[in-house]
Amino acid sequence: MARVAPLSGFPEWLPGGRVVEEHVLDVMTSTFQLYGYAGLQTRAVEPVESLLSKGETSKEIYLLRRLQATDDEAGESQLGLHFDLTVPFARYVAENSGKLTFPFKRYQVQQVWRGERPQDGRFREFTQADIDVVAPGELPAHYEVEVPVVMAAAFERLREIGVPPVRISVNNRRVAQGFYEGIGIADVDGTLRVIDKLDKIGPDRVVTALQTEVGATEQQARACLELASITATDASVADQVLALGVRNPLLEQGLHELVALVEGAAAQVPGVVVADLAIARGLDYYTGSVYETTLLGHENLGSICSGGRYDSLVDDGTHTYPGVGMSLGVSRLVSRLLRESIVRPTRAVPTAVLVAVVDEDTRVRSDDVARRLRARGIATEVAPVAAKFGKQIRHADRRDIPFVWFPSTADEPGDGEVKDIRSGEQVAADAGTWTPPEADLRPQVVPGG
RNA sequence: GUGGGUAUAGCUCAGCUGGUAGAGCGCCGCCUUGUGGUGGCGGAUGUCGCGGGUUCGAGUCCCGUUACUCACCCCA
C-alpha cells in the first residue's frame, strides 16, 4: 500500500472544508461587489524582474521552467509565480491604463505562492482575496478609509457563522518616519523592523536592539518606544503623539491622515479600527496608511488581512498611480476555522435529497423523480445500489443528506414518499411540487462546537 | 536558510529496563426478510517512515536519511 504524504505548505481541504472556504469567498466577493469593486483575474506568472521591482522584495519566488528547456532560451526573461496580487495588478493597470476608468476599484481572488517554510497558518500556496483602488496622479484620501471599512464589513458578515470579531490595527508610515527624523534617527526602515518585534521581544530588548542595530542613543530609543506604545480609537492619537514633543511636517501630515482614518472608520464600522503605533510590518514599502488585522482570540495566527497605501503603485511611463489595498489570507483564516472547529458545514455534499432505488429494474422511476426535483433547483442524487432501505438511509445519514425519497412502485399512485431522516417524519409527496425548507436546500456554514 | 520535536491500523494514540504488535473510534457482517441512528455478537487491516549498524533477537538502542511539525527569519 503506497503511502502518500501530504506536501507541507500546499493545503488541500476535504469537501466539508471546501464548503467553508466557498462560503468565506462568497461573503468576501459579494461584499466587494456591494462597494463597487470589479472582479479581475491575472495570469499566475510575471517576469521575475517585474516581481522584484516593487521594493527590495525578499519574498521567496518560485520560478517556472520547462523540463525540455534548451540553452538558447537562457536569454529569455525568466518567469516566476506571483507571491501576492498587488504586483500583478500594478502591472495589469500599467498595461491597460488606456482602457480603464479611474479611480479604478477591483477585487481579485487567486492563489499565490511563496517559497517560505510552512507553519500553522502559513503556506507556500494559498488563496488571497485582495481589493485595491488606484488613480492617476492623486488618490483621494478617503479611499484609505474605504478599504479597511470594506474589509470590516465583510468580517462583520462572517460573524454570523461564528467567526470571532476582528481588530484592524492601523498606522501611518509618515507618522513613524516623521517622528524618527524629528528626533534625529536616520535608519527609518531598520527602526521599524525592530519596533515590529515589540510584542515578541518586549520593551527592554527593543531599546537595546535600537541602540545596537540602528545606532540610536538610549534617549532616542526610549522615544521610539513611547511612540510605539500609543493606541487610540479616535483623534486623541494625535494629542498623545504631539505630547511627546516632537515636531516635523511629515509627522503632522501623517497624524492628520491617521486621525481621518480612525474617525472615518469609527463612523462606518464602530469598534473595529484602532490606531496602533506599534504596527510597523510592511511600513518599509507602504508610504501612507498601513493595516493589519487580527482575529480576536487568535492573535497567535498573525495578521489575516493586511495592506496599505503605495504612492507609486503603478508607473506606466507617463503617469504614476498611487493606490491603496488590502489582502485577506483566505487559506490562513479557513485553516484556523477548520482546525479549531470554529465553524462547521451542515453537510459536505450539495445533495438535499437521496432518491432510494427499489431494485435495478425500476431505477428509471427513481431517476425520473430525481430529474423533476433537479428541474426545480433541488440538488438530488439517486442511491448507488438497490440495497435494503436501511442501508440506503444510512448512505444518506453518513453524508448528512437530510431527505430520502422512496419512489412508489408501478401499481401505486403518485411519486412516493419523502422522509426527513432527522425527525423520521415521512409524507407522501409530488416530485413536481415538493420543496425542502430553505435552510436544507444547500449546505450551510454554522458555528461549530 | 537556522535550531528543536515527532514518525506504530483509515483516525487518535499505547507499547515499561530489547523477546517476532495493541486499545479506542471508524469500517464490514450478523442479530434485524426491504425504513437508518441505540444495543449485543463477530470480522478485516499494519513491510512499526526509509536505509544501515549493534544483538541470538530491534517498534524499542546507535548512525544516516526523508517527511511532517514547532520556533527564528519573514509574512496572508
Side-chain angles (χ1 to χ4, degrees), chain A residues 1-11 14 24 28 55-61 82-86 108-131 151 166 168 192-194 196-197 200-201 279-286 290-295 298 300-308 325-336 339 354 356-359 362 383 385-407 409 416-427:
Chain A
M1 210 188 294
R3 193 180 199 86
V4 274
L7 245 187
S8 175
F10 294 85
L14 289 168
V24 170
M28 299 314 295
E56 55 285 31
T57 313
S58 60
K59 303 229 170 47
E60 290 284 345
I61 297 170
H82 57 225
F83 53 78
D84 70 11
L85 300 178
T86 308
Q108 191 169 345
V109 178
Q110 281 182 247
Q111 309 279 93
V112 303
W113 295 268
R114 295 181 191 176
E116 303 164 349
R117 266 270 213 282
Q119 256 173 58
D120 180 20
R122 304 184 49 194
F123 305 103
R124 298 209 254 225
E125 175 183 71
F126 58 100
T127 303
Q128 284 193 327
D130 187 291
I131 54 172
M151 285 294 184
V166 299
I168 300 180
L192 289 169
R193 237 185 297 282
V194 175
D196 185 49
K197 297 188 181 122
K200 198 166 284 180
I201 67 177
I279 299 302
R281 181 179 302 175
L283 277 174
D284 52 337
Y285 45 86
Y286 293 117
V290 293
Y291 319 109
E292 214 175 89
T293 309
T294 46
L295 200 56
H298 299 270
N300 69 337
L301 190 58
S303 175
I304 56 170
C305 184
S306 303
M326 262 183 118
S327 223
L328 168 71
V330 176
S331 307
R332 173 171 288 184
L333 173 62
V334 169
S335 71
R336 178 56 60 99
R339 217 168 129 136
L354 176 78
V357 175
V358 175
D359 55 55
T362 62
V385 292
K388 287 196 271 192
F389 282 168
K391 289 263 192 64
Q392 300 195 43
I393 291 170
R394 197 169 63 181
H395 177 95
D397 191 35
R398 292 269 164 76
R399 292 164 178 73
D400 295 313
I401 296 170
F403 295 95
V404 174
W405 191 292
F406 300 101
T409 54
E417 300 189 336
V418 64
K419 175 192 184 89
D420 181 331
I421 65 174
R422 297 158 302 189
S423 64
E425 185 190 1
Q426 184 168 331
V427 296

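Below, chains carry the letters A, B, ... as their sequence lines are ordered, and counting in each starts from 1.
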Provide the distance between the two P atoms, one in B/G19 and one in B/U60, to the nearest whole Å.
11 Å
Under a 3.5 Å cut-off for both distances, is B/U38 Watson-Crick or wobble paired, and to whom?
none
Pairing check on B/G46: which nucleotide meets the Watson-Crick or G-U wobble criteria with it, both distances under 3.5 Å?
none
My understanding is that a pair needs two contacts under 3.5 Å, Watson-Crick or G-U wobble. By that rule, which nucleotide pairs with B/C13?
B/G22
Hey, does the side-chain of A/Gln426 have a donor or acceptor N/O within less than 3.5 Å of a partner on the base of B/U35?
yes
A/Asp196: side chain to side chain contact (heavy atoms under 4.5 Å, CB included) partners, not counting sequence neighbours:
A/Ala280, A/Arg281
Taking atom P in both B/C50 and B/A44, what distance in whole Å separates the two?
24 Å
Determine the Euclidean distance between corresponding C1' atoms of B/G49 and B/G59; express it in Å to zero decimal places.
12 Å
Taking every heavy atom of A/Glu116 against every heavy atom of A/Glu60, the minimum-distance pair comes out as N-CB, 4.2 Å
Taking the nucleotide of RNA chain B with the nearest heavy atom to each, does A/Ile421 or A/Gly121 sit closer to the 5' end?
A/Ile421
Roughly how many Å is it from CG in A/Asp120 to P in B/A76, rounded to a whole number?
17 Å
Of all heavy-atom pairs linking A/Leu328 and A/Met151, the shortest is N-CE, 4.2 Å
When all nucleic acid strands are considered with a 4.0 Å heavy-atom cut-off, which category describes A/Ala129: base, sugar-phosphate, or nothing?
nothing
Indicate, with a heavy-atom threshold strictly under 4.0 Å, whether A/Val358 touches base, sugar-phosphate, or nothing.
base
Check: B/C75 base within 3.5 Å donor-acceptor of A/Arg332 side chain:
yes
Pairs where residues 393-405 of chain A contributes a residue and the test salt bridge (charged side-chain N to carboxylate O under 4.0 Å, His left out) is met, not counting sequence neighbours:
none
Taking the C1' atom in each of B/G46 and B/A21, what is the distance between them to the nearest angstrom?
9 Å
Taking the same atom, C1', in B/U55 and in B/C61, what whole-Å distance lies between them?
10 Å
Whole-Å distance between B/C74 P and A/Arg124 CZ?
18 Å
Atom of A/Arg332, atom of A/Gly121 and distance for their closest heavy-atom approach
NE-O, 2.7 Å
What interatomic distance, in whole Å, is found between C1' of B/G37 and the corresponding atom of B/U32?
14 Å
Looking at B/C61, which nucleotide sits across from it as a Watson-Crick or G-U wobble partner, both distances under 3.5 angstrom, or is there none?
B/G53
Please state how far atom CG in A/Leu301 lies from atom P in B/C70, giving the value in whole angstrom units.
12 Å
Please evaluate the base of B/A76 for a donor-acceptor partner in the side chain of A/Arg114 within a cut-off of under 3.5 Å?
yes
Contacts of A/Val357 and A/Arg117 projected onto RNA chain B by closest heavy atom; the upstream (5') one is A/Arg117
Pairwise C1' distance, B/C11 and B/U20 [rounded to whole Å]
26 Å
In whole angstrom, give me the gap between the C1' atoms of B/U54 and B/C73.
41 Å
When rounded to whole Å, the CH2 to P distance for the pair A/Trp113 and B/A76 reads 17 Å
List the atom of A/Ala396, the atom of A/Leu354, and the distance in Å for their closest heavy-atom pair.
CB-CD2, 3.9 Å
So if I take every side-chain heavy atom of A/Lys419 and compare against B/U35, B/A76, B/U33, which nucleotide ends up nearest?
B/U35
Under a 3.5 Å limit on both distances, the Watson-Crick or wobble mate of B/A67 is B/U6
Without decimals, in angstroms, what is the distance between A/Arg339 CZ and B/U69 P?
8 Å
Spacing between A/Asp359 atom CG and B/U33 atom P, to the nearest angstrom:
18 Å
Nearest to the side chain of A/Arg394 - B/A76, B/G36, B/C73?
B/G36
A/Lys200 side-chain N/O to B/C72 phosphate OP1/OP2 under 4.0 Å:
yes
Within the structure, does a side-chain N or O atom of A/Ser306 lie under 4.0 Å from either OP1 or OP2 of B/C75?
no
Specify the closest pair of heavy atoms between A/Ala356 and A/Ala383, including all atoms of both residues, with the distance to one decimal.
CA-CB, 4.2 Å
A/Phe123 on top of B/A76's base, within under 5.5 Å and under 30°?
no
For A/Gly390, which contact category applies under a 4.0 Å heavy-atom criterion: base, sugar-phosphate, or nothing?
sugar-phosphate
SB check A/Arg114 A/Asp84 (cutoff 4.0 Å)
no
Starting at atom CD of A/Gln119, determine the distance to atom C1' of B/U2, rounded to an integer number of angstrom.
13 Å
Does B/G36 have OP1 or OP2 under 4.0 Å away from a side-chain N or O of A/Lys391?
no
Using whole Å, what does the distance between atom P of nucleotide B/G10 and atom CZ of A/Arg398 come to?
18 Å
